[in-house]
Protein chains: 2
Amino acid sequence: MPAETRSRRSDALRNRDRLLATAADLFAERGLEVPLDEIARSAGVSIGTLYNHFPTRDALYAAIIPARLDALDRIVADALDVEDPWEGFVAYLEGLFGLMARDRSLNDAIAQRRPAGDEVAEACARSVDAVLELIARAKAGGGLREDFAPMDLAMLAAAVSQVIHESGDWRRFLTLHLTGLRAPTDTTKGSLPPLGGKDPSNRVCLRRPGPSRRPRSR
Amino acid sequence: MPAETRSRRSDALRNRDRLLATAADLFAERGLEVPLDEIARSAGVSIGTLYNHFPTRDALYAAIIPARLDALDRIVADALDVEDPWEGFVAYLEGLFGLMARDRSLNDAIAQRRPAGDEVAEACARSVDAVLELIARAKAGGGLREDFAPMDLAMLAAAVSQVIHESGDWRRFLTLHLTGLRAPTDTTKGSLPPLGGKDPSNRVCLRRPGPSRRPRSR
DNA sequence: TTTGAACTTGAGGGAACCCTCAATTTATTG
DNA sequence: CAATAAATTGAGGGTTCCCTCAAGTTCAAA
């Protein structure tokens, strides 16, 4: 006889889906601390059902994360596809922080470095390799300073996460961080990208400073 | 007759002092969220007594803040005393963040922009003027980029606060932010300050990049 | 020393959130 | 339509922290 002849009940599947959808929304909007009671209520289900499907908050979050991780993988892949090493590095940062800005739970998850579940840890490890590659390439041919360490990226992520949290203009902040606060000196005149405070089409400036600017396409 | 003929009881004064000292310690060490029960217990006093002296958590914190605000005033004054405008600006940042690193409650207070009490708000306003002055001077003669806005300072404070919170090397982060991530180009070769990862005498690099470096004393 | 006001105490009620489990309902299968 | 396994339910117990207040204690003035 087959291993399992009895299939999952339809209402259980429906409830599970509802819970996941609701939790994803609430986590993205308000962070990881949303009361579980509220998630259950919003999903039109009792708290007991929530616990029935997901014994812990982490289990619930672990069931939501994969989609975000896929997005992250895509961002990393895209960044690696960018020809110019510096632009690729910046594209990664922009993608990652954009994701964090759209989903507060990512923000929280990073801040409290508690990788809810092995799957997350694994996916992080997966992307770490790619990120190291991005960094190496940016150092070799993109003008990233040689003493830049992975720790600096972690600090930057933490920093930007807080800027996002306080509804700051994180793109502006990132641009500042990438280029520094100093005005152009006589020798580097004109090398600073604009900050674009209120610009609705807010993009981090990808261009390298200095005279050697060549347009790039992807 | 005099307005108040009856003096405060000695035990009340003693308890108040103990509460303030204990709360200052705990707030500095663990942030603003320390349970009030614990503060009372640590002070060797009942929770009722705490509430008797300080009806709200904010009232308690408001009674603690002045010392920190004085320190902040001193930092601002010292920064204004620095001759070189850029160095003065950096000295202010270093002082402010150093204060935040030593006292997690400052960190929290800034993060949740809830200026526990008018006194705090007033002191902030007081120092804002001086800070604007520092910024203006740094722009005029210190090479601070012209498009730097107070908002950028607020974002930086938020960012550094998170770096501190996660036990990051905030001096390193600050140096990076001040100078940017790009390696020296041909024209600016040698202008980057060292990051000093494990250096125990960790100071933010105050020197201006470029050839025009003159030592300075205070 | 007495006395009254000032002060302290800590049990306890309330709120928010967590999690469990016995009773009930519902889907599926024969 | 039973029969039964699968799911759902929500009241309730646990924890932590907040805050109050009636009863008790201590100071200091007379």
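All values below were derived from every heavy atom in this structure, side-chain atoms included, with hydrogens, water molecules and symmetry-related copies excluded. Residue numbering restarts at 1 for every chain, and letters A, B, ... go by the order of the sequence lines.
- For the pair A:R126 (side chain) and A:D73 (backbone), a donor-acceptor distance under 3.5 Å is absent.
- Comparing A:D11 and B:D11 along DNA chain D, the residue whose closest nucleotide (by nearest heavy atom) sits nearer the 5' end is A:D11.
- As a whole-Å value, the separation of A:R14 CZ from C:dT26 P is 11 Å.
- Regarding contacts with the backbone of C:dC18, a side-chain N or O of A:R57 is found under 4.0 angstrom from either OP1 or OP2.
- Atom-to-atom, CZ of A:R16 to C1' of D:dA6 comes out at 16 Å; the value is rounded to the nearest Å.
- Judged by distance alone, with hydrogens and angles left aside, the side-chain atoms of A:R137 form a donor-acceptor pair with the main-chain N or O of A:L80 at under 3.5 Å.
- Listed for the B:R57 side chain is a donor-acceptor partner under 3.5 Å among the backbone atoms of B:L32.
- Closest-nucleotide positions on DNA chain D for B:S10 and B:D37 were compared, and the one nearer the 5' end corresponds to B:D37.
- Taking atom CG of B:L26 as the reference point, atom P of D:dC17 lies 13 Å away to the nearest angstrom.
- For B:A12, the listed nucleotide lying nearest its side chain is C:dC7; candidates were D:dC18, D:dA7, C:dC7.
- In this entry the distance linking CG of B:L60 with P of D:dC18 reads 11 Å, nearest Å.
- Side-chain atoms of A:R9 and base atoms of D:dA6 include a donor and an acceptor less than 3.5 Å apart.
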Please enumerate all protein N or O atoms sitting under 3.5 Å from an N or O of nucleotides 9-11 of chain C, with distances to 0.1 Å.
residue: C:dT9; atom: OP2; partner: B:S46; partner atom: N; Å: 2.9
residue: C:dT9; atom: OP2; partner: B:T49; partner atom: OG1; Å: 2.8

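- Rounded to a whole Å, the CG atom of B:D58 is 10 Å from the P atom of D:dC19.
- In this structure, A:F54 places its CZ atom 16 Å from P of C:dC18, rounding to the nearest Å.
- Legend: residues meeting salt bridge (charged side-chain N to carboxylate O under 4.0 Å, His left out) with A:E133, ordered by chain and number and at least two apart, are absent.
- Of the two residues near DNA chain C, A:P55 and B:H53, the one whose nearest nucleotide lies more 5' is B:H53.
- For A:L32 and C:dC17, the CG to P distance is 15 Å, given to the nearest whole Å.
- In this structure, B:F173 has its ring center at least 6.0 angstrom away from the ring center of B:F97.
- In this structure, the side chain of B:D152 engages the main chain of B:A149 through a donor-acceptor pair within 3.5 Å.
- One atom, CZ of A:R18, and another, P of D:dA7, lie 16 Å apart when rounded to the nearest Å.
- Annotation: salt bridge (charged side-chain N to carboxylate O under 4.0 Å, His left out) contacts of B:D25 (sequence neighbours excluded): none.
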